[in-house]
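As structure tokens, the structure follows; a few thoughts come after it.
Computed over heavy atoms, backbone and side chain alike; hydrogens, waters and symmetry mates excluded. Order of the sequence lines sets the chain letters (A, B, ...), proteins ahead of strands, with each chain counted from 1.
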Amino acid sequence: MPAPNHSAEKVFQIDRSQAFSLDHTLSCGQVFRWERSADWWYGVVGSTPLRVRQDGRKIRFSGADREFVEWYFSLDLNLRDVISTISLDPVVKDAVRRCRGLRIVRQQPWECLASYIGATYSNIPMVRRRVELLSAEFGEAQEFEGKKVYGFPPPEKIAEASIEALTCCKMGYRAPYLKKTAIKVMDDPAWEDRIQSLPYREARKELQEFDGIGKKAADCVLLFAFQKYESFPVDVWIHRIMQKNYGQGSPGALTDRGYEQIGMFAREYFGKYAGYAQEYLYCNRQSATGSTPACGR
DNA sequence: CTCCAGGAGGGTT
DNA sequence: AACCCTCATGGA
């Protein structure tokens with residue numbers, strides 16, 4: 001990972017052959033600490049505050065160096081190739097068309113792990129609130145662009161926090177899960193390298209050893225923090241979409257077997273970039289299900 | 001009031 | 001394995 005480097009506003013051009021949409025990437029629900037204000041997106045990645053804006057092929061940013069920004073937004077990935085392998089039917093094609101340029105970012109593993117503990121049985125605005133509260137309470141305060149911002153708290157800060165303090169951050173019954181997971185992470189600093197080196201299936205099994213991390217959250221962490229693109233997280237929205245359009249999953253509520261079955265189908269059907277198909281389908285969930293969820297922006 | 005949201009853990013068959 | 005049940009929180 002390139003070291004973040006605070007400096008003045010910078011700019012670079014995205015290659016003409018590469019698709020990228022900052023808006024779709026940051027508003028699709030994969031990240032919780034980005035907010036759009038006028039033409040700028042403000043966010044904190046781990047302990048690094050950033051702001052980014054896109055004007056066509058031009059990316060303007062400050063708070064880090066170019067290498068970090070390109071790495072974070074996965075601009076090294078050939079998105080056109082990915083899209084061509086998953087665009088197999090009108091459903092995905094429509095999702096890709098509506099969410100053109102969406103990329104899966106490279107989240108910080110610990111931040112991603114902790115955030116998705118707070119994402120279970122909840123909705124995106126609530127998750128964003130929880131993560132913000134945790135950061136304000138236990139993260140390091142910094143000054144950025146004239147505003148006070150907070151880094152995501154390192155595992156030590158969460159590990160030594162009281163359950164009451166975590167509950168005050170609206171963690172609810174997840175508070176003890178988060179604390180236990182923070183302690184486990186501190187106890188096992190090699191966890192990131194181990195997960196990264198393991199194949200998808202075993203990596204997911206390892207992640208599920210963390211308290212508060214089940215199949216779905218583990219799949220999200222593998223996809224958003226470890227670039228294991230065969231991961232296919234199934235939440236209630238994806239379940240609905242897969243039932244309606246592909247006849248997959250369990251009728252009614254999502255069962256354990258239904259979850260596995262959808263994942264198997266998706267990996268076989270979409271291939272090794274099944275996770276990208278999932279993100280496009282999720283991003284397009286409102287039109288795919290005929291509902292109007294709170295869409296992150 | 002009820003129902004739902006990027007589910008997971010624990011217990012009982 | 002396959003089903004229960006409960007968990008905290010806010011918005012619609």
Side-chain angles (χ1 to χ4, degrees), chain A residues 24-34 95 99 102 104-105 107 111-134 137 162-181 184 204-226 228 231-243 249-264 266 274-286 288-297:
Chain A
H24 284 134
T25 297
L26 293 180
S27 65
C28 72
Q30 62 179 321
V31 289
F32 303 112
R33 299 210 66 195
W34 285 90
C99 307
L102 164 65
I104 293 172
V105 306
Q107 294 190 37
E111 177 176 350
C112 188
L113 186 71
S115 297
Y116 277 90
I117 288 175
T120 64
Y121 198 43
S122 192
N123 52 38
I124 290 175
M126 192 63 210
V127 184
R128 294 171 60 86
R129 229 173 108 193
R130 287 195 185 110
V131 175
E132 255 352 271
L133 286 168
L134 283 172
E137 185 68 24
S162 68
I163 298 296
E164 292 75 28
L166 295 174
T167 303
C168 284
C169 298
K170 306 298 177 188
M171 288 302 291
Y173 62 90
R174 308 163 191 82
Y177 300 161
L178 180 61
K179 187 177 164 81
K180 282 186 198 169
T181 290
K184 193 171 161 71
R204 194 180 78 169
K205 194 175 172 186
E206 276 277 310
L207 280 179
Q208 286 188 250
E209 295 298 314
F210 289 111
D211 231 18
I213 300 290
K215 289 180 183 189
K216 195 271 175 180
D219 274 335
C220 285
V221 174
L222 290 175
L223 187 57
F224 302 139
F226 292 98
K228 303 219 181 271
S231 173
F232 196 86
V234 182
D235 71 322
V236 291
W237 292 102
I238 290 295
H239 186 213
R240 264 172 227 154
I241 292 167
M242 295 305 285
Q243 277 182 316
S250 39
L254 180 62
T255 63
D256 211 42
R257 195 159 47 82
Y259 192 102
E260 292 310 313
Q261 190 259 320
I262 290 175
M264 297 287 277
Y276 254 97
Q278 190 272 4
E279 266 317 276
Y280 278 103
L281 291 171
Y282 186 81
C283 181
N284 193 42
R285 63 194 179 282
Q286 57 272 44
T289 58
S291 309
T292 54
C295 183
R297 63 169 194 154

Rounded distance (Å) that lies between atom [atom2] of [N] and atom [atom1] of [X]:
| X | N | atom1 | atom2 | result |
| --- | --- | --- | --- | --- |
| Met126(A) | dG7(B) | CE | P | 13 Å |
| Leu133(A) | dA8(C) | CG | P | 18 Å |
| Leu281(A) | dG6(B) | CG | P | 16 Å |
| Arg129(A) | dA8(C) | CZ | C1' | 12 Å |
| His239(A) | dG6(B) | NE2 | P | 16 Å |
| Asp211(A) | dG10(B) | CG | C1' | 11 Å |
| Asp219(A) | dG6(B) | CG | C1' | 11 Å |
| Tyr177(A) | dA8(C) | OH | C1' | 11 Å |

Does any N or O in the side chain of [X] come within less than 3.5 Å of the main-chain N or O of [Y], such that one atom is a donor and the other an acceptor?
| X | Y | answer |
| --- | --- | --- |
| Arg240(A) | Thr289(A) | no |
| Arg285(A) | Trp237(A) | no |
| Gln278(A) | Val234(A) | no |
| His239(A) | Tyr259(A) | no |

Looking at [X], I'd like to know whether one of its side-chain N or O atoms comes within less than 4.0 Å of OP1 or OP2 on [N].
| X | N | value |
| --- | --- | --- |
| Arg240(A) | dA5(B) | yes |
| Lys170(A) | dG10(C) | yes |
| Arg257(A) | dA1(C) | no |

When we call it a touch if two heavy atoms are under 4.0 Å apart, what does [X] touch: a base, just sugar-phosphate, or nothing?
| X | result |
| --- | --- |
| Gly212(A) | sugar-phosphate |
| Phe210(A) | sugar-phosphate |
| Ile213(A) | sugar-phosphate |

Would you say Tyr282(A) stacks on dG6(B), if stacking means ring centres under 5.5 Å apart and planes within less than 30 degrees? yes

With the six-membered base ring of dA8(C) as reference, does the ring of Tyr173(A) sit under 5.5 Å away with planes under 30° apart?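 Not stacked by the 5.5 Å and 30° rule.
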
Under a 4.0 Å N-O cut-off, is there an ion pair linking Asp219(A) with Arg204(A)?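 Yes, this pair counts.
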
For dA8(C) and dC4(B), measure between their C1' atoms and round to the nearest Å. 14 Å

In whole Å, measure the gap between the C1' atoms of dC3(C) and dG6(B) for me.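 Those two atoms are separated by 24 Å.
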
Please compare Gln208(A) and Asn123(A) by the position of their nearest nucleotide in DNA chain B and report the one closer to 5'. Asn123(A)

Can you give me the closest heavy-atom contact between [X] and [Y], atom names plus distance?
| X | Y | result |
| --- | --- | --- |
| Arg130(A) | Gly118(A) | NH1-O, 2.7 Å |
| Ala266(A) | Ala274(A) | O-CB, 3.7 Å |
| Ala218(A) | Ile213(A) | N-CG2, 3.6 Å |

If you check every side-chain atom of [X], which of [options] has the closest atom?
| X | options | answer |
| --- | --- | --- |
| Tyr121(A) | dT9(C), dA5(B), dG6(B) | dA5(B) |
| Val236(A) | dA5(B), dG9(B), dG6(B) | dA5(B) |
| Ala217(A) | dC4(B), dA8(B), dG7(B) | dA8(B) |

In dot-bracket notation, what is the pairing pattern of DNA chain B, taking Watson-Crick (N1-N3 plus N6-O4 or O6-N4) and G-U wobble (N1-O2 and O6-N3) contacts under 3.5 Å, with [ ] crossing and | for other strands? .||||.|||||||

